[in-house]
Amino acid sequence: MELLEAVDAASAREVPLALVIPLPAADTPIALGAASLVAQIVRTSGLDVTATVVSKRLSQRAAYDRLYIDSQRLADFIPRARLTTDGEVEVVGGPVRDRVGRLVLTSDIDRVSGRGALVIDGTAADVGDLEPRLRQCRDLVYITDTPFDSNLDAIREAGGVVWAFDPPSFTDLAAPFNPSEATGEFAASSELLHATAIAARVVRAPEAVTSLDQALSGTWKALGRLAAVTGGSENLAMTHAVRWAWGVLSTFSLSVTTPSSYDACVRRGPFSVLLGDATSHARAVSRQSAGPTRDAWAVVADGFADIYEAALERPKFALVQDWVREEAGERGTGMVVTRNQSAVAALTTDLNESPLVPHGWAERIRVVSVRDLACGRVSGLPVASMLITGPVPRAYASLLAAPAATRLLVTAAGEWEAGRAARQARTTFLALAELRAKTATESAVRLGTHPIVVRPAAPDIVVRLDTTVVKGADVARGVNDSPWEPFGLDVLKVLARTGAVGSDAAETPPPARGGDGDSSARVDAITVEFADGRAMLMDPNDVVYRKRQKNTRQVAAKSLQAGDVVALVDAAARRNLFDSIIDVLSELPTYAPLAALIAFWHERVARVSYSGWTYREILAAMRRNADPTTITSEQTIGTWVRGNSEGPEDAADVRRFAEAVGDTELLRRAGPVGKALCTSRTIHRTVGRWLSGQITGARMDDRDALIDPALGIHVADLLEAVTLHRVTAVEAKLARVPASAIGVLIEQSAIPGLAAPPLARGDRALI
C-alpha cells in the first residue's frame, strides 16, 4: 500500500519518481505498469489507456498475462504490445475484447516515444541516460535496487523525488496473504521480506596472512595509480584498458577456484576474458605505452602475475568447502553466489571433486552467478543461508545489505579483503538507511502521502578471522576509502562515450583479441553508419546478419551497403542470435527447472571422462539392457560426454546410460531429466526454425505466434533480443581502432576519437 500510494501521488502531481527496492529483481515494474492502466481507466472511464514498461526481463512479459481484475484477465481488454524497429506499436497475442488500450513492453528505451505512464526497470541493467525521458514524460517511475544508481541524481535534478526502502522497513511491509481481503504478495514474498529484515551478515577470512590477500591488495593499489597516471578523459582506448583491468581484478576477487579451473569453463571467443591471459595483455598495453603510463601498466601486469600464482593455493575454497559441509547437514536451503557462469561451473566441479564435501550436497545448495541472482533468474527465495565468494561490484551492492537469506556469509582471502567486503556491506546499508530517512522527511511530505515510520538500525556486520571476531565498523580502512573502486577517475563515465559498457558489473573484453601471441591493442576496421545516428566499427570479415530486400543471411561486414538492414543482439554484433534467444528463455521461471535438470545431466555424464569407461563399453551395456537402446554408434555417447549435443533423443536413454555406468544419482532422477531434455529439444527446435526463417528469408513476416503454448512464449517476446538497424553509409577505408570497440553500437560523434591511421605493412609485421 505504501508503494502504490507513493506511485499514485507522484502520478497525480506529475512528479517523476525513483523507487529504490533493495531486493533481487523485485517484480514491481509490470505490476506498476498494470496499476497505472487501472488508475487511468478509473480517471477516464474508458479503456483507451496506455502505459509503457521498459524492462529487459522476459519473465515480466509473461507475468502480465496472469493479472486479473476479479475474474477478468486484464490482457483480454488491454493487450500487451511491443515496439517495432520503427517505433510502431504491435500487439502481442490475440486480445479477446480489444478496446485500443495497450501495455507496451520493450527492452529498448530509445524506442519509447508514446503517451501514457512510463515505468523503467533499472534493476541490474544499464538503461542509459534518463534525461531525455524526463523531459518528455512527467508520469515516470524508475525502479532500481541500489542506492548508488546515478539516475537517482538525474531524477532529483528534474524535480522528481526518491522513495526508498531499507532492510528494517521490510518488517512492517511483510504483510501475510489474506484471501478474504484479496491482498497478497505484490513486490516480493513475505518470507523474503522477513528474511532480509533480520539477516545476519558475517565476513570470514583466514587469520594468517595469505599471499593472495597481499597480491589483491597490491594490485588494487597499482590499479589506482594506473588510473591516476592515464587520466583517461581523452584516450578512450586507454580508458577501456583500465576498465578491463578493473573487471579482471573483480573476477579474481570473486573466484575461489584456481585460475586454470576458471579458464577451462570460459566459452572461447575473440572477446573472452581469460585470467591466464591477464598478465600478457597488461604487458602488451605497457609495451605500447610510454613514460609513467608504461611503468604503471607494468606494475599492474606484475600484480596479475602475483594473483595468478597466489590463487593456486585456493585460500577461500577451504572456507566455502567448510560452509557447504555444514549447510548440507542442515534442513534448510543454501546458495553460493559467485562471479559468472564460468565461475559457477568451475566451483561446482571443484566441490564435486572434493572428498571433504558430502554426497548429495547439490540437493540443498545451489551455486549461482551474482548477475542471475540480481536479475531475478534464481527461484525459491529466500534461502536459509547464502554465501558470496568475495567483494562484489557496486551494481550488486544491495545483495550485501539486503541478502535473500536469513544468514549471509562473505568469504575473503585475508584481513585486507575482509575489510573491503565489510565496508561494502556497511556503506550500502547506511546509504539505504539515509535514503529511507529522506523518504520520510522529504518525499512523503512533498507527495502528501501518509507519514511513514522509520526504524533506525545500525548495520550488524561481523568479521571473523578464524577465531578472532571484529565488528565491521572497527575494520581498518586502506589508503583509498572507497570499497568499490581503487581510483577517483570516473572510468565508466568516460567509457560511456563509446557505448561499450555502462556498469561496473559488466565484464569488459580484453584490449587485445585472443591470447595466442597477439599483443596488438588495435585492429583494422571499417565504419558502418546507421539511420539512428549511431555507428559500428567492424572487422571487414566479421560475420553479421544482413537483410537486403527480401534476402536475409549471414555475410562478411565488408559487403554491407547503404539500405541494408543489420540484425544485432543487445546492441552488439558479438553474440550468436540463437544463444541469445535461449538466454532470454532462461529468465522464465517455468523454463528455469528445465535448465537445472539439463545442467545436472551434463554434469553427471561428463564424469565418464574420468571413470575408465569407454564409449564402446557403455553402448554395449545399454544394448544389453532389458529395454535396449536403439542407438547404434558409440560416437553418439561421445557427443553426450563432450557436451557437443544436448542429450539423448530417447528420454529412456538417460535411465539406460545411468544403469550402464552405475550412476545411482542420475538413475534416481532419470525420469525428470529425460522429460526435460525432450521438452528443451522441442523448444530449441521451434526457436531454431523460427530464427532460421527470419535469417534466411524463408519467413519474412513478423506476425506474432506462440513458440511454446505451455510456457506462453511469443515470437514477439523473443524479437526483443534482436534489434534491426538500417545502414545509411559505409566507410570502407580501414582505420586502427581498439579491439574492444569492434561490434558495439557507438555514437557517430565518438568514432573520430577512436580511429587512428592504419599501420603500414612493415609496422604491422613488427607487431
Side-chain angles (χ1 to χ4, degrees), residues 24-25 124 192 195-196 199-206 212 250-259 261-262 265 311 314-393 396-400 402-413 417-418 421 424-425 464 505 592 595-596 599-600 602-603:
L192 178 58
T196 300
R201 305 163 189 85
V202 176
V203 179
R204 189 173 178 182
L212 179 58
S250 180
T251 301
F252 272 124
S253 297
L254 272 167
S255 295
V256 295
T257 64
T258 63
S261 295
Y262 173 89
C265 297
R314 302 191 304 174
K316 290 198 283 189
F317 180 72
L319 302 176
V320 176
Q321 184 177 250
D322 291 344
W323 179 89
V324 170
R325 188 169 58 247
E326 294 169 3
E327 293 299 324
E330 299 291 334
R331 290 188 176 183
T333 55
M335 180 167 57
V336 180
V337 184
T338 190
R339 173 64 161 162
N340 50 31
Q341 290 300 327
S342 299
V344 167
L347 180 53
T348 300
T349 298
D350 279 14
L351 289 173
N352 279 329
E353 294 177 352
S354 171
L356 299 180
V357 174
H359 174 67
W361 67 272
E363 294 182 5
R364 294 191 177 276
I365 298 170
R366 289 172 290 172
V367 184
V368 303
S369 73
V370 64
R371 177 167 176 77
D372 281 351
L373 178 59
C375 289
R377 298 173 184 169
V378 178
S379 59
L381 301 179
V383 293
S385 185
M386 184 169 86
L387 180 147
I388 301 179
T389 56
V392 299
Y396 304 134
S398 291
L399 297 179
L400 297 172
T406 52
R407 302 188 306 276
L408 170 67
L409 174 67
V410 183
T411 60
E417 193 175 51
Q424 283 189 343
R464 294 183 180 275
F600 173 75
H602 286 302
E603 183 265 318

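The minimum heavy-atom distance linking Gly380 with Val383 is given by the pair O-CG1, 4.0 Å. Here the closest non-hydrogen pair linking Pro382 and Thr333 is O-OG1, 4.4 Å. A pairwise comparison of heavy atoms in Leu212 and Pro315 identifies CD2-CG, 3.6 Å as the closest pair. Looking at every heavy atom in both residues, Leu400 comes nearest to Pro403 through O-CD, 3.8 Å.
Contacts of Ser253 classified as side chain to side chain donor-acceptor pair (under 3.5 Å), with partners at least two apart in sequence or in another chain: none. Judged as a side chain to side chain donor-acceptor pair (under 3.5 Å), and not counting sequence neighbours, the contacts of Thr389 are Thr338. Residues forming a salt bridge (Lys or Arg N to Asp or Glu O under 4.0 Å) with Glu603 (at least two apart in sequence, or on another chain): Arg607. Residues satisfying the side chain to side chain contact (heavy atoms under 4.5 Å, CB included) test with Val357, not counting sequence neighbours, are Gln321, Val324, Leu351, Ser354, Trp361. Applying the side chain to side chain contact (heavy atoms under 4.5 Å, CB included) rule to Thr258 yields the partners Ser260, Ser261, Leu312, Arg314; only residues at least two apart in sequence or on another chain are considered. A search for side chain to side chain contact (heavy atoms under 4.5 Å, CB included) contacts involving Ser342 returns Tyr262, Cys265, Val266, Asn340, not counting sequence neighbours. In this structure, Arg366 has no salt bridge (Lys or Arg N to Asp or Glu O under 4.0 Å) partners at least two apart in sequence or on a different chain. Residues forming a side chain to side chain donor-acceptor pair (under 3.5 Å) with Glu326 (at least two apart in sequence, or on another chain): none. For the side chain to side chain donor-acceptor pair (under 3.5 Å) test, no residue two or more places apart in sequence or in another chain qualifies with Thr406.
Leu347 has its side chain within reach of Val256: a pair of non-hydrogen atoms, C-beta onward, lies under 4.5 Å apart. Side chains of Lys316 and Glu417 form a contact here, defined as non-hydrogen atoms less than 4.5 Å apart. Side-chain contact check for Pro393 versus Arg339: some heavy-atom pair is nearer than 4.5 Å.
Rounded to the nearest 0.5 Å, atoms CZ (Arg464) and CG (Leu319) are 12.5 Å apart. Separation of atoms OG (Ser369) and CG (Leu373) is listed at 8.0 Å; rounding is to 0.5 Å. How far CG of Leu381 is from OG1 of Thr196: 9.0 Å, rounded to the nearest 0.5 Å. With rounding to the nearest 0.5 Å, the separation of CG in Leu387 from CG in Asp322 is 11.0 Å. Atom CG of Leu399 is separated from atom CD of Gln424 by 11.0 Å, given to the nearest 0.5 angstrom.
Of the candidates Ile388, Val344, Val410, Val337 forms a side chain to side chain contact (heavy atoms under 4.5 Å, CB included) with just one, namely Ile388. Between Glu327 and the options Arg407, Arg364, Met335, Met386, a side chain to side chain contact (heavy atoms under 4.5 Å, CB included) holds for only Arg407.
Using modelled atom types, no side-chain atom of Asp372 and backbone atom of Val368 make a donor-acceptor pair closer than 3.5 Å.
Side-chain polar atoms of Thr411 and Trp323 form no donor-acceptor pair below 3.5 angstrom.
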